[in-house]
Structure formats: C-alpha cells, structure tokens
Protein chains: 2
Amino acid sequence: MTTRERPTLEAVARRAGVSRATVSRVVNGSTTVAATIREAVNRAVDELGYVPNQAARSLVTQRTDSVALILPETANRVFSDDLFFPAIIRGVGMELEAADKQLVLMMTGSEAGHHRVERYAVAGHVDGVVFASIHGADPLPGTLARRGIPVICSGRPMTAEPPVPYVDVDHAGGVAAAVRHLIATGRRRIATIAGPQDMVAGIERLAGYTATLRAAGLPELVVTGDFTRESGITGMRALLARDPSLDAVFVASDLMAHGALMALREAGREVPADVAVIGFDDFEISRYSDPPLTTVRQPIGEMGRTLARQMLLLITGDEIPESVVLPTELIVRDSA
Amino acid sequence: MTTRERPTLEAVARRAGVSRATVSRVVNGSTTVAATIREAVNRAVDELGYVPNQAARSLVTQRTDSVALILPETANRVFSDDLFFPAIIRGVGMELEAADKQLVLMMTGSEAGHHRVERYAVAGHVDGVVFASIHGADPLPGTLARRGIPVICSGRPMTAEPPVPYVDVDHAGGVAAAVRHLIATGRRRIATIAGPQDMVAGIERLAGYTATLRAAGLPELVVTGDFTRESGITGMRALLARDPSLDAVFVASDLMAHGALMALREAGREVPADVAVIGFDDFEISRYSDPPLTTVRQPIGEMGRTLARQMLLLITGDEIPESVVLPTELIVRDSA
DNA sequence: TTGTAAGCGTTATCAC
DNA sequence: GTGATAACGCTTACAA
C-alpha cells in the first residue's frame with residue numbers, strides 16, 4: 001500500500017548511459033537527439049516504467065496541463081434531474097481530452113467554495129478556469145482574470161469589469177422562433193413560465209418572449225420558476241388561475257415544461273388542442289414525454305466543446321473574441 | 001493576459017523580516033511560532049496576496065491533495081439521460097470538498113484513455129483513483145493498485161488480482177424484495193429486463209431475480225437491455241411477444257422501466273392492472289412517470305460519499321474493509 | 001548532438 | 001522558537 005519507489009530521470013539516464021538532459025529531450029520529443037541514443041533511452045524508460053513527475057515538471061514549466069470547470073453547486077439545476085451540467089461536463093471533458101489536458105471539477109456556492117476556487121487557481125494548480133454557469137453578478141471570474149488567469153464563462157456574465165470572454169447560445173432568437181410559431185398556429189393568449197431572473201439564461205429568454213409578443217401586439221402573462229420540474233407544475237397552476245383562457249405557454253426549460261404538461265393534464269386541458277406548450281433545451285427525455293415536446297434546442301454539448309476550445313486558445317496566448325454565440329433551433333413535435 | 005508575477009515564500013519572508021522556514025511554518029499552521037512573528041507573517045501574506053505554489057509543495061510532500069474519479073465514457077449510462085454518474089460525481093465531490101481535496105474527473109473508454117489515466121496517476125498527479133463503474137474485467141484498477149496507488153471501485157470488480165476494495169449496493173436484496181412484492185400481490189408470470197451482463201450491477205440484479213423466482217417455483221422470462229430507455233422499449237416489446245400472458249416485469253433500471261411503461265401503453269396494457277412494473281434506481285423522474293414508478297432505491301449519492309470517504313482513509317494509510325455494501329429499499333408507488 | 005549546471009518554490013532536518 | 005541548508009525531480013540555457 002505504500003507508494004513504491006518511482007524511477008526518476010536520473011535513474012533512466014544512468015541506465016541508458018546518458019545525461020539527464022538527454023533523457024529529458026527524448027521524453028519531450030526533441031528532434032535533436034541521435035536515433036541510436038533515442039532508442040537506448042526509450043528502452044530504459046520502458047524497462048524502468050518511468051513516468052515524469054508532474055509536480056517537478058510543473059514547477060519549472062509553470063504549466064499543469066489541466067483546466068478547472070466550476071459548477072455553481074447551489075443551482076437547482078446541478079444534478080437534480082437536469083442534464084444541462086452533465087452535458088457541459090461531457091463536452092468540455094471530451095475536448096480537453098483530445099488536447100491531452102485534464103479536467104478538474106470544482107463545485108462552489110458557499111462563500112468558502114469561492115475562496116477555495118480562487119486559492120486553487122492562484123496556486124497554479126490549473127492553467128485556466130471555465131465557469132459552467134454564472135449566478136447573478138459573481139465577481140470570481142473577474143477576480144481571476146485580473147490575477148492573470150485565463151477565464152471563460154458559459155453564458156454572458158452579468159458583470160463587466162473586467163470583461164471576461166464567454167460562450168452562449170442565442171436565447172432570444174430561439175424564443176422568438178418559438179413564440180412566432182405559436183402565433184402562426186393561431187394562438188393568441190400566450191403565457192410564459194420564465195427562468196430565474198438572476199441568471200442571464202432566465203433573463204434573456206423572458207426578454208425574447210416579451211419582445212416578440214409586444215411586436216405582435218399580444219398580451220403578456222408571466223410567472224417565474226427556477227428551472228425545476230416542480231416549479232413548472234406550480235407555475236402552470238398559477239398561470240391557469242390567472243387566465244383560464246390561455247391557449248399557449250412558452251416554458252423556459254424542458255424540465256419546467258414537463259411540469260407544465262402534468263399540471264395541464266391535472267386541470268383537464270388537452271395538449272396541444274386546448275393549450276400549446278413549447279419548452280427550451282431539447283433534452284433526450286422530451287422526445288418521450290406525453291405528448292412529445294416541441295422545444296427550442298440549444299446545443300449544450302457543443303457549448304461545452306466550444307468553451308474548452310476557447311480556453312485552450314487562451315492558454316496558448318491566442319486572441320479570442322469576447323463572445324461566441326451558438327445558434328438555437330425550434331424542434332417541432334406534438335405539443336405545439 | 002500574461003500571468004502576473006506571483007509572490008513567493010522568499011518575498012513574504014523578506015517583507016516580514018524572517019526566514020523562509022518561519023513563513024512556511026506559519027502558512028502550514030505550525031504552533032511553534034511566536035504570536036508576534038506569526039502576526040507579522042500573516043500580514044505580509046495578506047499584503048502580498050501570497051498563495052503557496054502547489055507544484056513546489058507537491059514536489060517535496062509527495063502529495064497533491066487531489067483525487068481522480070474515472071468515468072467509463074463508453075457506457076451508455078454516462079450523461080445520456082441517466083443520472084447515475086452525475087449523482088456519483090456529486091457525492092464524491094461533496095465529500096472530497098469537505099476534506100479540502102480536489103476532484104479530477106477523467107473519462108476513459110478508449111485504449112488510449114486507459115493509458116492516459118495510468119500515466120496520470122503514476123505521474124503522481126493525484127493521491128488516489130476512484131472508479132465510478134467497472135466494465136467487464138478491466139485490469140486498470142489492479143494495475144494501479146500494484147503500482148502502490150490507492151484505488152477504490154464503485155461496484156465489485158470482476159477481476160480479483162490483486163483484490164481492490166469496493167463500495168456497492170445490495171443488488172440481490174433489493175431485487176428479491178421487488179420480486180417478492182410482485183409474488184405477494186398475486187403475480188405469477190414475472191418477466192425481467194436485465195442490465196448488461198458485462199457489469200456486476202447487471203449480473204447481480206439478474207441473479208437476484210432468478211434466485212427469488214426459483215425459490216418460489218415460478219418460471220423465468222428474461223431479456224437483456226443496456227440500461228437505456230430505448231432498450232427498455234425494445235425489451236418490453238420482446239417480452240410481450242415471447243409471452244403475451246405475463247403479468248409483471250422487474251426492470252433493472254428506472255430508465256429502462258420508463259421505456260417498458262411506454263411499450264406497455266403502446267401495446268394497450270394497463271399498468272398495474274394488466275402488468276405490474278418495478279424499476280431499479282429511484283431517480284427523481286420516477287416520481288413523475290405515468291403511473292408513478294414502484295422501484296428499488298439505491299443510495300447513489302451516499303455511495304459516492306462512501307467512495308470518497310474510503311479513499312481518504314486509504315490515502316492516510318488506514319486499513320479499510322475490502323467492501324462496503326449499502327442497503328437498497330423498495331419504494332412502492334403505483335406501478336406495482 | 002550531448003553534457004553541465006542553474007534554477008523552479010517548497011518543506012524538512014538540522015543546528016543554534 | 002528561529003534560521004541555514006539540503007533535498008524534491010525536472011527543464012533549459014549555455015558550453016563543449
């Protein structure tokens with residue numbers, strides 16, 4: 001159980017009959033090494049099972065080849081029943097893996113968590129920090145950026161000082177497409193269950209709803225949820241109480257949309273005959289709801305991959321645009 | 001964007017007018033430092049914004065204070081629509097966080113992925129490795145353990161050489177409770193949709209089904225799925241074709257159970273009147289299926305926390321039992 | 001092309 | 001109690 005003695009560069013060098021520097025060159029793929037020597041070194045490496053000590057390497061190179069992904073643990077969305085964060089993790093992870101970088105996952109939320117992340121990043125444990133979601137006006141991204149640490153956010157940060165690059169999806173465009181679809185299919189009393197108003201995703205989806213409805217001269221009807229199924233249920237009940245004659249509802253997340261579907265059934269309304277429902281996310285599960293959910297697809301995996309790609313550019317010192325916005329798409333199924 | 005010059009121990013020492021050794025003592029909470037000096041050092045630390053360099057520290061302490069969690073990326077369960085891995089991640093993450101350790105997430109699957117994990121661990125980048133799931137007779141846990149690296153597995157490994165400690169749930173017990181519940185409520189033609197037979201979870205749940213049914217002298221009817229909803233749909237269709245008179249089905253995962261529910265509705269069978277259905281997992285979503293799903297709850301979050309706890313013990317050199325088995329519990333809702 | 005040697009920023013072992 | 005000083009294992013000028 002005790003850590004077995006591990007061979008060092010020195011040991012490999014002795015065995016191969018060369019200097020440490022030469023071994024280092026071979027291990028790091030330098031081309032300026034004679035073929036015969038390279039072979040001898042590689043043989044010694046294999047025989048000894050040598051693997052470079054990462055700490056020693058980092059100490060001199062100032063790089064760790066790993067990237068932190070920060071999840072706001074407080075968010076209801078995290079791991080409850082929501083596949084947003086898992087999909088982000090997967091996307092970021094795959095792209096980093098392709099670049100041979102490691103993913104360090106950190107959850108924050110508490111004040112203490114914030115400090116841990118800051119210390120961790122400043123201690124040089126990672127080459128950069130990716131924020132999977134920003135709550136309110138979180139100062140952490142800015143703090144780290146000011147410290148000279150590469151930072152990128154998923155979703156436009158609500159703080160501007162200093163500006164931190166971000167990747168986001170076209171919330172407003174997707175919502176507009178959804179609401180226009182409802183209008184085009186004859187709906188006139190279109191309500192919405194909005195997302196939390198301390199997150200850009202919640203804010204922008206509501207803004208898209210409001211703008212499109214105003215442009216069409218139709219009345220607005222808004223309740224707010226927190227992206228959970230439970231809040232979709234209560235939100236839908238509230239809407240029905242406020243306006244029993246509503247004939248459509250745009251729901252700012254698929255999970256809330258499923259809640260809305262349940263509340264509508266409970267109230268004896270047919271979907272889509274009496275009330276049309278459109279969600280936002282396009283999770284796998286929405287293909288299987290009853291009825292299958294019409295929804296705005298956002299490319300979450302692609303978002304994760306893009307986040308990672310931008311981070312890699314940042315690390316290598318390349319310039320990147322302050323924002324990348326990915327398209328959304330209306331997926332029409334049976335609920336609207 | 002360039003990394004700002006970071007203060008070192010040396011700088012703090014100069015500012016506080018003491019030696020590096022003393023600063024190190026203060027930073028590491030040694031008690032053998034005079035109060036006045038400690039204060040002076042702490043002031044200097046704050047003023048300079050000093051944070052210890054992790055690489056330098058690891059180099060000498062041989063510890064990294066981080067732990068790797070390995071996900072088998074090939075598994076259909078990972079991030080598809082399944083909340084098993086997210087729940088494990090969350091459990092492990094929270095417990096490690098409480099111990100001030102970091103979680104490094106790695107996905108494997110490909111041959112290359114295996115090598116990456118091995119190199120990474122051997123390079124001393126982490127203090128230990130937690131496997132979130134084992135596929136078939138994966139040699140990696142044993143390989144790492146032989147290298148002297150602390151290893152623990154979620155689910156009993158199918159290889160025994162060398163024995164690697166694990167945490168698992170009582171699959172057989174949970175399944176037995178489920179099947180006995182079906183028998184007690186008058187079901188006699190009880191089928192099963194089993195999980196993949198290259199994973200211990202799949203194997204043991206099937207074994208539990210078989211054993212209980214044999215003990216009761218009832219016939220067996222088995223098809224195999226891969227834990228996905230889609231395989232639950234096709235599995236249920238196959239069962240119905242094989243024995244149209246079946247009156248119950250135990251399904252080895254909630255996701256497959258939802259698929260089964262859909263296939264049953266499609267076939268015009270009422271649940272539970274015509275066919276009783278019991279799942280395994282107790283995901284949040286199963287409370288909301290139609291009808292709400294009777295299922296065997298396995299404490300996934302607790303499993304993640306236990307994995308982390310055992311790993312922490314391993315790292316500190318404590319003895320741990322070769323296995324910890326957590327209880328499962330039958331949750332009766334409306335589907336059976 | 002290869003070797004020598006100087007760090008990288010800590011911690012830990014000694015004396016004092 | 002505090003301070004020198006020697007590791008820790010590697011990369012990288014600079015020499016040869």
Side-chain angles (χ1 to χ4, degrees), chain A residues 3-42 44-45 48-66 119-127, chain B residues 3-42 44-45 48-66 119-127:
Chain A
T3 304
R4 172 189 302 203
E5 199 76 9
R6 281 209 292 264
T8 68
L9 250 202
E10 179 72 44
V12 177
R14 264 202 311 274
R15 179 159 195 129
V18 299
S19 72
R20 296 207 311 266
T22 300
V23 177
S24 175
R25 291 190 188 101
V26 172
V27 168
N28 290 290
S30 163
T31 51
T32 70
V33 178
T36 56
I37 292 204
R38 181 167 34 234
E39 268 173 43
V41 169
N42 279 328
V45 165
L48 265 36
Y50 169 75
V51 175
N53 177 308
Q54 183 59 42
R57 183 177 267 179
S58 290
L59 185 56
V60 39
T61 61
Q62 307 275 38
R63 287 180 304 95
T64 64
D65 292 330
S66 57
R119 279 186 60 89
Y120 193 75
V122 172
H125 222 317
V126 289
D127 296 340
Chain B
T3 304
R4 172 189 302 202
E5 199 76 12
R6 281 209 292 265
T8 68
L9 253 201
E10 178 72 43
V12 177
R14 265 202 310 273
R15 179 154 194 135
V18 297
S19 71
R20 295 206 311 265
T22 299
V23 177
S24 177
R25 289 190 191 101
V26 173
V27 168
N28 290 289
S30 164
T31 50
T32 71
V33 178
T36 56
I37 292 205
R38 179 165 40 234
E39 266 172 44
V41 169
N42 280 329
V45 165
L48 264 38
Y50 169 75
V51 175
N53 177 310
Q54 184 58 42
R57 180 177 270 178
S58 291
L59 186 55
V60 40
T61 60
Q62 308 274 40
R63 287 180 304 94
T64 63
D65 292 329
S66 57
R119 279 185 60 88
Y120 193 75
V122 172
H125 220 317
V126 289
D127 296 340

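Fair warning: this is a prediction, and the values are worked out from it, not measured in the lab. The chains referred to below are lettered A, B, ... by the order of the sequence lines, with proteins before strands, and numbering in each begins at 1.
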Of the nucleotides D/dG3, C/dG9, C/dT2, which one has an atom closest to the side chain of B/Thr8? C/dG9
Candidates C/dT10, D/dT11, C/dG3 - which lies nearest the side chain of A/Thr22: C/dG3
Could you tell me if the side chain of B/His125 sits less than 4.5 Å from the side chain of B/Ser58, heavy atoms only? no
Less than 4.5 Å apart, any side-chain heavy atom of B/Val23 and any of B/Val18? yes
Ignoring hydrogens and geometry, is there a side-chain-to-backbone donor-acceptor pair from B/Ser24 to B/Arg20 under 3.5 Å? no
Judged by atom type as modelled, is there a donor-acceptor pair below 3.5 Å linking the side chain of A/Arg6 to the main-chain atoms of B/Val122? yes
Taken to the nearest 0.5 Å, the spacing of A/Arg57 CZ from A/Asp65 CG works out to 8.0 Å
Look up atom CZ in A/Arg14 and atom OG in A/Ser19, then write down how far apart they are to the nearest 0.5 Å. 13.0 Å
With side-chain contact (heavy atoms from CB on, under 4.5 Å) as the test, would you mind laying out the steps for B/Thr32 and B/Arg25 before giving the verdict? CA-CA 8 Å; B/Thr32 71; B/Arg25 289 190 191 101; 4.2 Å; yes
Expressed in angstrom and rounded to an integer, what is the separation of [X] atom [atom1] from [N] atom [atom2]?
X	N	atom1	atom2	answer
B/Arg6	C/dC8	CZ	P	14 Å
A/Arg14	D/dG9	CZ	P	12 Å
B/Arg20	C/dT11	CZ	C1'	10 Å
B/His125	D/dG9	NE2	C1'	14 Å
A/Leu9	D/dC8	CG	C1'	13 Å

OP1 or OP2 of D/dG1 under 4.0 Å from side-chain N/O of B/Thr32: no
Does B/Ser24 place a side-chain N or O at less than 4.0 Å from the phosphate oxygens OP1/OP2 of C/dT11? yes
For A/Ala21, report the nucleic acid contact type (base, sugar-phosphate, nothing); a contact means any heavy atom under 4.0 Å. base
Select from A/Tyr50 and B/Ala35 the residue whose nearest nucleotide in DNA chain D is closer to the 5' end of that strand. B/Ala35
Quick check: any donor-acceptor pair below 3.5 Å linking the side-chain of A/Arg25 to the base of C/dG3? yes
Which residues in residues 52-66 of chain B have at least one heavy atom lying under 4.0 Å from any atom of DNA chain D? B/Leu59, B/Val60
